[in-house]
Student: 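Pasting in a structure now, in structure tokens, and then I'll have a few things to ask.
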Amino acid sequence: MLDQETAARLLRDAHAAAARAYVPYSRFPVGAALLTTDGTTSMGCNIENASYGLTVCAERVAVFNAVANGARAVVAIAVVAADIDGVTPCGACRQVLNEFVPPDGELIVVLERDGKPEQTTLAALLPHAFGPRDLASP
Ligand code: THU
């Protein structure tokens with residue numbers, strides 16, 4: 001698990017990202033901040049669309065941002081929603097995160113509970129996952 005300082009810092013970055021959410025339809029801002037194996041931080045917010053189904057969650061924006069900048073493994077991701085305590089990534093985002101679990105490692109998910117970091121793992125949130133290792137050529 002992360003040290004408390006790093007977890008708290010990721011939560012702060014996630015809140016900063018949530019402030020940039022584009023949520024005219026749900027009015028439900030979400031922010032995510034992730035740490036890659038090379039030590040960089042990437043952020044994401046949810047981005048909605050008038051064609052509702054094209055909305056992208058904060059977590060996926062953060063992952064795609066990191067991967068587009070060269071990252072291939074995520075050590076940890078923090079997620080916050082202004083109106084919900086302890087919000088967790090949706091199922092689609094869990095599957096996308098599973099693609100970038102560090103080799104021989106785990107991906108830590110940092111939630112905010114009563115204003116404090118609470119840590120779990122992607123494996124706990126997405127047991128028996130299907131992923132790159134199930135395919136011959138990941
Ligand atoms: N949303 C996220 O960004 N992440 C989640 O983990 C849950 C849902 C967004 C999608 C949509 O913009 C809004 O929250 C309401 O579902």
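Ligands are counted one by one from 1 in listed order, and the atoms in each one are counted from 1 as well.
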Student: Counting only N and O atoms by type, is there a donor-acceptor contact under 3.5 Å from the side chain of Asn69 to the main-chain atoms of Ala66?
Tutor: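 Flag not set: sc Asn69 to bb Ala66 has no pair under 3.5 Å.
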
Student: Taking atom types as modelled and ignoring hydrogens, do the side chains of Asp38 and Thr40 form a donor-acceptor contact shorter than 3.5 angstrom?
Tutor: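 Looking only at side-chain atoms, Thr40 and Asp38 do form a donor-acceptor pair, the distance falling under 3.5 Å.
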
Student: What residues sit with at least one heavy atom under 4.0 Å from ligand 1?
Tutor: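 Ligand 1 is contacted, at a heavy-atom distance under 4.0 Å, by Ser26, Phe28, Val30, Asn46, Glu48, Thr55, Cys57, Ala58, Glu59, Thr88, Pro89, Cys90.
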
Student: What do you reckon, is CZ of Phe130 surrounded by more than 12 foreign heavy atoms closer than 6.0 Å?
Tutor: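 Enclosed: over 12 neighbouring heavy atoms sit under 6.0 Å from CZ of Phe130.
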
Student: Determine whether the side chains of Arg72 and Thr37 contain a donor N or O and an acceptor N or O closer than 3.5 Å.
Tutor: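 Arg72 vs Thr37: no donor-acceptor pair found between side chains.
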
Student: Give me the one residue out of Leu122, Leu107, Val74, Leu125 that meets side chain to side chain contact (heavy atoms under 4.5 Å, CB included) with Asn98.
Tutor: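 Answer after filtering Leu122, Leu107, Val74, Leu125: Leu122.
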
Student: Flag yes if more than 12 heavy atoms outside Arg27 fall under 6.0 Å of its CZ atom; otherwise flag no.
Tutor: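 Not more than 12 within 6.0 Å, no.
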
